[in-house]
Amino acid sequence: QRLRESGAKERIICQIHKCFGSFNLKNGHFFLMERCARNLTICYICGNLKQTNMKKKAIKLVQGVAFGAILLLSSCHSAYEVTKVEGRMQPIDSTWDANPDADAVALLAPYKAKIDSIMNNVVGTAEMSMDKNAPESLLSNLVADVLREAAVQVLGKPADMGLVNMGGLRNVLTEGPITCGNIYEILPFENSLCVLTLKGKYLSLLFENIAARHGEGVSGVQLKINKEGKLLQAAVAGKPVEDERLYTVATIDYLADGNDGMTALPQAEKRECPDGATLRGLFMDYVKKQTAAGKKITSRIEGRITVEN
C-alpha cells in the first residue's frame with residue numbers, strides 16, 4: 001500500500017531467506033523493489049526487520065539485507081552508487097493487518113484458499129509438545145531418528161548415526177493435531193538426505209564439532225561434553241570409535257557440505273544423496289506412517305548428549 005501511494009509503476013516481489021529468527025508461513029519474507037521515474041525505492045520486510053528507502057543516490061538498507069542486492073543494483077543502474085548502508089529493528093506483526101489492501105487481498109484470495117486447504121490438512125497427532133534445545137531435546141532427537149532410519153533406502157539398514165542441526169528446526173511441534181502447515185513451519189528448507197561414509201578418525205572430529213556447538217540433534221551415538229564445548233567421551237551404539245573403521249552418518253546436504261561448523265563431514269569417503277529425499281518429505285512420510293499404524297508422534301530424552309560440570 002505504501003509503495004502504491006508513492007506512485008510506483010513497477011513492482012518486483014521475491015522471497016528472501018533470513019539467516020536468523022524463526023520462519024513462519026504466516027509472515028513470509030519479501031524483498032520489494034519499486035522503480036519510479038529516476039528514483040528508486042527498496043523495501044525489505046523480514047521477520048523483525050522493516051523497510052528502507054533509496055532516493056536518488058542515497059541508499060538506506062536494513063540490517064541483514066544481502067550485500068549482493070547492493071552490488072546488483074549498483075551494477076545494473078550505473079546512475080546510482082552505494083553511499084550509505086544503515087538499518088533499524090522494527091516488529092512485523094498483526095498491527096500491519098489493521099488496514100489490509102483490498103486489491104491485494106482479492107488477488108491473493110483464490111491462492112490462499114488453495115494453500116490453506118493443503119496446509120490445514122491434519123496428518124497426525126503429537127503425544128506431547130516438542131521443542132529444540134541444546135544439548136539434547138525432544139524435537140531434535142525425533143528428527144535425527146527420522147534421518148537415521150531414512151538411510152535404509154540407501155544402505156538397506158539404518159545409518160550408524162543420524163545428525164540434524166538445531167538451527168534447521170524452526171518451530172515447535174505442539175501437542176495435539178499435526179497439520180501439513182506445522183511440518184512446513186518446523187522444516188521450511190529444502191534440505192535433503194545425504195548418507196555419508198567416513199572413517200572413525202573423522203567421526204571423532206565430527207563429535208568434536210558437535211561439542212563445540214554445545215550439542216546438535218543426534219541419533220545412535222552417546223556424547224559427553226563439558227560447558228566449554230570440549231568432547232570428553234564418545235560412543236557409537238555403546239562402543240568406542242575405531243579410527244580406521246568406516247561409519248555411516250545420515251544427515252542433510254547443508255551439513256554434509258561442512259556448514260554450521262561440521263568440518264569433518266566433507267572428509268567422507270563416500271556421499272550418497274537420493275533424489276527428492278527432502279528432510280521435510282521424510283518427516284511427513286514418517287508422521288503419516290505412524291498415524292496409519294494407529295500411533296501418535298512421540299519422543300524422549302535419552303542422555304544422547306550430556307554436559308559434565
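When a residue number appears, it is its place in the shown sequence, counting from 1. The shown structure was predicted, so the numbers you read here are calculated from the model rather than taken from an experiment.
Residue Val152 is not grouped with residue Val164 when hydrophobic side chains (ILVMFWY) are merged at heavy-atom distances under 4.5 angstrom, including chains of intermediate members. No continuous path of ILVMFWY side-chain contacts below 4.5 Å connects Trp96 to Leu107, so the two sit in separate hydrophobic clusters. Under the 4.5 Å side-chain contact rule for hydrophobic residues, Val154 and Leu147 share a cluster.
Between Val287 and Gly124, the closest heavy-atom pair is CG1-CA, 3.8 Å. Nearest heavy-atom pair, Pro188 versus Gly168, reported as atom, atom and distance to 0.1 Å: CD-O, 4.4 Å.
Contact annotation: the side chain of Leu163 approaches that of Met262 to within less than 4.5 Å [non-hydrogen atoms, C-beta and beyond]. Using a 4.5 Å heavy-atom threshold, the side chains of Leu223 and Arg304 count as separate. Put simply, the side chain of Leu169 reaches to within 4.5 Å of the side chain of Ser140, judged on heavy atoms.
At least one cation-pi condition fails for Arg280 and Phe189: the charged atom is not both under 6.0 angstrom from the six-membered ring centre and inside a 45 degree cone around its axis.
In this view, Pro177 and Val122 satisfy the side-chain contact (heavy atoms from CB on, under 4.5 Å) rule, not counting sequence neighbours.
Among Asp257, Asp253, Thr197, the one residue that satisfies the side chain to side chain donor-acceptor pair (under 3.5 Å) test with Arg271 is Asp257.
One distance of note links CE of Met130 with CG of Leu173; it measures 5.0 Å at 0.5 Å rounding. Between the CG atom of Leu255 and the CD1 atom of Ile210 there is a distance of 9.0 Å, given to the nearest 0.5 Å. Atom-to-atom distance recorded for Asp131:CG and Met166:CE is 10.0 Å, nearest 0.5 angstrom. Here the CG-CG distance, from Leu198 to Leu206, works out to 7.0 Å after rounding to the nearest 0.5 Å. If you take NZ on Lys270 and SG on Cys194, they are separated by 13.0 Å, rounding to the nearest 0.5 Å.
Asn226 places no side-chain N or O within 3.5 Å of a backbone atom of Glu308 that could act as its donor or acceptor partner. Between the side chain of Thr306 and the backbone N or O of Gly303 there is no donor-acceptor pair closer than 3.5 Å.
Side-chain atoms of Thr179 and Asn120 include no donor-acceptor pair closer than 3.5 Å. Side-chain contact check for Asn165 and Tyr254: no donor-acceptor pair (N or O, by modelled atom type) lies under 3.5 Å. Side chains of Asn141 and Ser299: no donor on one and acceptor on the other come within 3.5 Å.
A salt bridge is absent between Glu185 and Arg170: the closest approach of a Lys/Arg side-chain nitrogen to an acidic carboxylate oxygen does not fall below 4.0 angstrom. A salt bridge links Glu302 with Arg300; the closest basic N to acidic carboxylate O contact falls under 4.0 Å.
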**Q.** side-chain contact (heavy atoms from CB on, under 4.5 Å) between Glu242 and Tyr247, intermediate numbers included
**A.** CA-CA 9 Å; Glu242 301 174 30; Tyr247 295 87; 3.8 Å; yes
**Q.** Test side-chain contact (heavy atoms from CB on, under 4.5 Å) applied to Lys289 and Tyr286, step by step
**A.** CA-CA 5 Å; Lys289 287 178 182 178; Tyr286 169 79; 5.9 Å; no
